[in-house]
Each structure stands twice: as C-alpha cells, then as structure tokens.
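Here's the structure we're looking at; comments come further down.
Just follow the structure's listing: the first ligand is 1, and inside any ligand the first atom is 1.
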Amino acid sequence: MESNGRAPAWAAALIGLVAGAVAVGVSLPVAALVKASAFPVVAVGDAAVDLAPAWLKEWAIRAFGENDKTVLLVGVLAVLAAVAAATGALAVRDLRYGLACLAAFGAVGLLAVLTRPGAGPGDALPTLLGVAAGMSALSRLLRRARLGPPPLPAARGGARGEAGTAPEPGTAPGTGAGPEAAERHGVPGPAVMRAGEDLRSFDRRGLLTAALGGVAVAGIGGAAGRLLSGGAEADAARSGVVLPRPAVPARPVPAGSDLRISGLSPFFTPNRDFYRVDTALLVPRVDPRDWTLAITGMVDRPAELTFADLMGRPLVEADVTLCCVSNEVGGPYIGNARWLGVRLADVLREAGVHAGADMLLSTSTDGWTCGTPADVVLDGREALLAVAMNGETLPADHGFPARLVVPGLYGYVSATKWVTEIKVTRFDRDEAYWTPRGWSAKGPVKTQSRIDLPRPGAVLPPGRTVIAGVAWAQHRGVDAVEVRVDGGPWRRARLAEAPTADTWRQWVLDDWDAAAGEHTIEVRATDATGRTQTAERAPVAPDGATGLHAVTVRVA
Ligand SMILES: Nc1nc2c(c(=O)[nH]1)N[C@H]1C(S)=C(S)[C@@H](COP(=O)(O)O)O[C@H]1N2
Ligand SMILES: [Mo]
C-alpha cells in the first residue's frame with residue numbers, strides 16, 4: 001500500500017487502458033453480431049479515410065504504400081490508448097471526469113458508426129454497450145485500487161459513490177443519496193474521517209487483480225468477436241468453391257509473351273504479388289451464401305443474382321491488366337491476371353438497359369461506389385463480373401465473391417470488389433465515391449511504360465547490359481517501345497508478344513554497351529492508335545499520371 005490515496009501515474013494510466021480495453025473488447029462481439037462496420041474503432045478509421053483530404057491520402061499512399069491501412073489502424077489505436085490513459089488520469093481525480101471522457105469518446109464512435117453508408121440505429125449497440133462496459137470497468141478499477149469514491153462506512157458491502165457522483169451503471173439510482181451521504185457532506189465525525197482515509201489509500205494488489213480481470217474480459221470479448229464475425233465461415237466457403245471450366249477460354253498466350261528475364265515483371269502477376277488498393281480498413285469477408293448482386297435503376301427487368309446463379313452461367317476467361325489511377329510514373333500499382341467470370345454486358349442486356357443511361361454505378365459491401373461508362377462495358381470488350389483470378393477463386397483481398405474488371409479503365413472507375421449492386425443510371429444524376437474527392441468522373445487508362453531493369457540506383461559493371469520493362473495501353477494495345485540513354489537518340493526495344501490489346505507487353509533492349517559513369521535511362525511507348533506517351537509530367541490526380549519513367553544507374 002502506498003500513502004495518502006495518491007495514485008502513481010502508472011496506476012492511473014493502467015486503469016484507463018484497462019477500462020478502454022474492456023470497452024473495445026465488449027463492443028467487438030456485439031459488432032460481430034450486428035455488423036462488422038458497427039465496430040467503432042474501424043468505423044472511426046473508415047470515416048477518417050473517407051474524410052481525409054485527397055492530398056493527405058495521396059501522401060499516405062506515397063509514404064506507406066500498401067501498408068497505409070495498417071499505419072492508420074495503428075494510429076487509431078494509439079490515439080485510443082492515449083485517450084484511455086488520459087481518462088484514467090482524470091478518473092483518479094474524479095470518477096465523473098473519467099466517465100465524461102469515455103462518454104465523449106463514445107460519442108465520436110457513435111457519430112462514425114451511424115454515418116457509415118447503410119448504417120441503421122441498431123449499429124449504435126456495439127458502441128453503447130462497449131462504453132457502458134468501459135464505464136463500469138473504470139469505476140470498479142478505481143474502487144479496487146481504493147482510488148475511487150470511498151465506500152460508506154455504514155455500508156461496506158455495497159460501496160456507494162459520493163453524493164453527486166454519477167451512479168455506476170447497473171445500480172439503482174438514489175441509493176447514494178441517503179442520510180449517510182448527507183452526513184458526509186456535513187462535518188463528518190472523526191471516526192468516519194479515519195475510516196474514509198484508510199480506505200482511500202492506494203491498493204496496488206487490488207488494482208492489479210482487477211486489471212487482470214479487465215484484461216480477461218477484453219480478451220474473451222476479442223476472441224468471441226473473432227468467432228462470431230463469420231469471417232472463418234466465409235473463408236471456408238471460399239475454399240469450398242469449385243471453379244467451373246470456362247465456356248469461352250482465354251485466347252492462347254503466344255509463346256514469347258513472357259521473356260523470363262530475372263527482375264522483369266512476369267507476364268502474369270501471381271495473386272500474392274498483385275497490388276491491392278481500396279478504402280476498406282478491414283478486408284470484407286463475404287459469405288457467398290449470403291451474397292447477392294442486384295441490377296437496378298434504368299432497366300426494364302431489375303434482377304438479383306446469387307453466387308450460384310453466377311457460377312451456373314457460361315463463364316468467360318480473359319487476360320486483363322489492371323492498374324490504379326494513383327500509380328505514379330514507374331509505380332507498382334499495376335498487375336496482369338487471367339480473370340474468369342460472367343460477361344457483364346450479357347447480364348445488363350438481359351435486364352434491358354434504357355436508352356439514355358450512360359453510367360453503371362456499382363456498389364460494394366462496404367459502401368464504396370464506382371461509376372463506369374455504360375458504352376465501354378457494352379462495346380464488346382471483355383468486361384467481366386469476375387469470380388476467379390489466375391485459376392484461383394477470387395482472393396478476399398481482390399473482391400470475393402465477385403468483382404468487376406473492365407479492360408482499358410483505371411480501377412477506380414471499373415474494378416469494384418465485393419460488388420453487391422449495379423445501378424444503371426446517368427453521369428448527370430449520380431456520382432461515385434472518388435468524384436467529389438477530386439478525381440475525374442471518367443478514367444480511361446493512359447499509355448504508359450516502366451523500366452524494371454536495371455533498378456534505380458543500381459551499380460553495374462561496364463559492358464553489355466539488359467534494359468527491360470513493361471508497357472501498357474489497355475484495349476488499344478502497345479505498338480512500340482523506345483529507350484534512350486542520357487538524352488541520346490530513341491532506340492526501338494524488342495516487344496514481347498501479347499494475346500490481346502488488353503494486357504501489358506514486356507519489352508527488352510539487350511545491347512546497351514554501358515560505359516563507366518552515371519547514366520539515365522528513359523522509356524516511352526506508342527499505342528496502336530499511333531499516339532506516343534507524352535513526356536509532359538502530370539500528377540496522378542485527377543485522371544492519371546503522365547511523363548516518362550527514368551532510371552539512373554552508375555556504371556563502375
Ligand atoms: N470495394 C472496392 N472496390 C475497389 C476499390 C475500393 O476502394 N473498394 N478500389 C478500386 C481501385 S482504386 C483499384 S485500382 C482496384 C484495385 O484492385 P486490386 O486491389 O484487386 O488490385 O480496385 C478497385 N475496386
Ligand atoms: Mo485505383
């Protein structure tokens with residue numbers, strides 16, 4: 001026991017942290033039962049993603065790459081922990097301050113949860129129960145540490161708060177305002193005073209055992225949350241999917257599409273290496289048995305497709321290179337895959353698209369939306385509702401149970417993952433997620449090329465050196481790639497084959513005779529419409545970066 005009831009700083013912080021952990025731990029299983037997006041911690045993170053200005057998001061993507069979400073979640077948890085510790089510090093002064101702090105934080109969580117797309121009043125439950133549990137834990141911890149309101153000498157078993165202290169949740173109001181309480185606000189007798197002082201001296205052991213109890217509650221809550229979330233069931237259902245054979249197999253990949261040069265991006269990007277870009281803080285894990293896709297809006301026959309419906313239809317295979325509008329010149333957010341799925345145009349034609357409709361507004365389980373030009377999807381290209389990627393059931397990261405893939409458009413206007421609705425509409429009536437955030441409503445892919453070899457900053461031996469990379473102009477096709485060194489003449493690289501105009505093409509120049517010194521290598525592509533990519537630099541926003549990829553190396 002320590003002296004005179006003053007709490008050491010660590011005890012205050014511990015009390016706050018454990019109370020916070022109990023709040024989070026209790027809200028988790030409730031959210032698992034209600035819905036994942038009703039978990040306030042993630043809702044606050046999601047809201048932060050949606051509210052963050054475009055420049056901040058671009059900075060985060062540039063600074064943290066695909067780890068940006070982990071960084072954000074860690075950030076949210078760090079803020080939570082700091083607030084929890086502060087709550088503890090306030091609570092040891094006066095329980096009411098601590099409770100107010102928890103309530104304020106609960107209000108932030110509620111606001112985030114209730115403003116998520118598709119939120120209902122029931123979504124408040126995880127936050128409310130979590131905050132109530134946190135409040136209860138806070139007062140319990142204080143009491144066990146003998147830092148809280150002292151129990152009344154007359155009523156040891158049922159320790160009550162001082163008059164005016166917020167009642168502990170779960171107790172009948174009024175019990176603390178009896179005659180004893182009134183007495184304690186008068187001039188208390190010496191015996192009462194002594195008893196109170198004794199009880200208020202810090203009980204370290206009491207706090208630690210209570211803290212262990214709180215941690216156990218939080219841990220059990222977290223484990224129950226995992227069990228109840230159904231993520232495991234969704235994963236199991238995904239593993240159980242048997243992919244049908246394609247009714248229309250992909251065009252054969254010509255020999256020589258993959259030059260198999262070590263360090264050069266392979267023609268097909270393995271799923272584990274495929275870039276991931278989305279706004280989802282936690283990857284949605286959708287059980288295909290609960291999933292449906294609604295075709296709504298300007299159609300004669302609105303429809304609803306189940307996963308079994310999709311799998312029962314003739315499936316088409318197509319090789320398509322997907323890239324992100326946020327990809328800087330030379331950046332990594334591009335990959336090529338073999339997709340298997342239903343032709344989106346068939347589904348739309350069955351529904352009967354109205355004349356005058358020019359936009360497909362697709363929505364994912366997490367509320368993200370995407371606007372795709374209808375004419376592009378209907379012009380005969382292999383626009384798919386994909387269920388598989390590179391011979392594997394769509395990975396959860398890439399949109400299981402189904403996603404859209406449209407050759408020739410950046411992902412933000414075409415590639416909705418975890419898609420649940422396609423509304424046929426008009427660009428002058430509807431707006432997709434990124435449009436009010438500073439990105440163009442339409443996003444055709446710009447002709448681009450990238451140097452994979454040599455690596456920037458490489459130190460190379462003098463002599464013959466391989467320069468190689470990829471170039472893309474989806475749905476137009478790449479016709480030529482040229483390379484120059486130190487601003488010299490442009491030289492034609494050798495282009496690898498490609499099955500269609502919808503994928504990237506590898507290229508190589510293998511006779512550069514590197515002399516000692518520093519050299520800058522640049523590349524440019526020309527697409528099948530005869531247009532050469534511009535050297536003029538443009539940032540990624542609003543509709544994709546331009547400029548030439550340049551790599552500087554040292555030969556020594
Ligand atoms: N549901 C959902 N789908 C989405 C996004 C998203 O944020 N949410 N981002 C899009 C963007 S910007 C891109 S570039 C592609 C990336 O697909 P990938 O992660 O499978 O590579 O997904 C698209 N589909
Ligand atoms: Mo993107």
* Salt bridge Asp235-Arg285, side-chain N to carboxylate O under 4.0 Å -> yes
* To do: Quick one: sort the Phe400 and Phe307 rings into parallel, tilted or perpendicular, breaks at 30° and 60°.
  => perpendicular
* Hey, are Thr425 and Asp430 close enough side-chain-wise for a donor-acceptor pair under 3.5 Å? -> yes
* Asked: With a cut-off of 4.0 Å, which atoms of ligand 1 are near a heavy atom of Cys324?
  -> 14 (S)
* **Identity and separation of the nearest protein heavy atom to atom 3 (N) of ligand 1** => Lys417 N, 3.0 Å
* Minimum-distance protein heavy atom relative to atom 16 (C) of ligand 1 -> Val277 O, 3.6 Å
* Can you tell which part of Val325 has a heavy atom less than 4.0 Å from ligand 1: side chain, backbone, both or neither? -> neither
* **His398 N/O under 3.5 Å from ligand 1 N/O** => yes
* Structure fact -> Of Tyr275, Phe274, Trp368, the residue with the heavy atom nearest atom 4 (C) of ligand 1 is Trp368
* Would you call the rings of Trp434 and Trp439 parallel, tilted or perpendicular, where under 30° means parallel and over 60° means perpendicular? -> perpendicular
* Asked: ligand 1 and Arg403, any nitrogen or oxygen pair closer than 3.5 angstrom?
  -> yes
* **Atoms of ligand 1, numbered as shown, that sit under 4.0 Å from any heavy atom of Asp366** => 1 (N)
* To do: Taking the side chain as every heavy atom from C-beta outward, state whether Tyr333 and Val540 have any pair of such atoms under 4.5 Å apart.
  => no
* Asked: Within the structure, does Tyr412 bring an N/O atom to less than 3.5 angstrom of an N/O atom in ligand 1?
  -> no
* ligand 1-proximal atoms of Trp418, by part, heavy-atom distance under 4.0 Å -> side chain
* Atoms in ligand 1 flagged as close to Ser364, the criterion being non-hydrogen separation under 4.0 Å -> 1 (N)
* To do: Flag Thr279 as yes when one of its N or O atoms lies below 3.5 Å from any N or O atom of ligand 1, and as no otherwise.
  => yes
* Asked: Cut-off 3.5 Å, side chains only: do Asp50 and Tyr433 have a donor facing an acceptor?
  -> yes
* **No-hydrogen, no-angle side-chain donor-acceptor test under 3.5 Å, Asp527 and Thr447** => yes
* Got Gln448 and Gln533 here, is their nearest side-chain heavy-atom distance under 4.5 Å? -> yes
* **Ala415, any N or O under 3.5 Å of ligand 1 N or O** => yes
* Asked: Which residue, Leu340, Leu394, Asp397, forms the side chain to side chain contact (heavy atoms under 4.5 Å, CB included) with Met389?
  -> Leu394
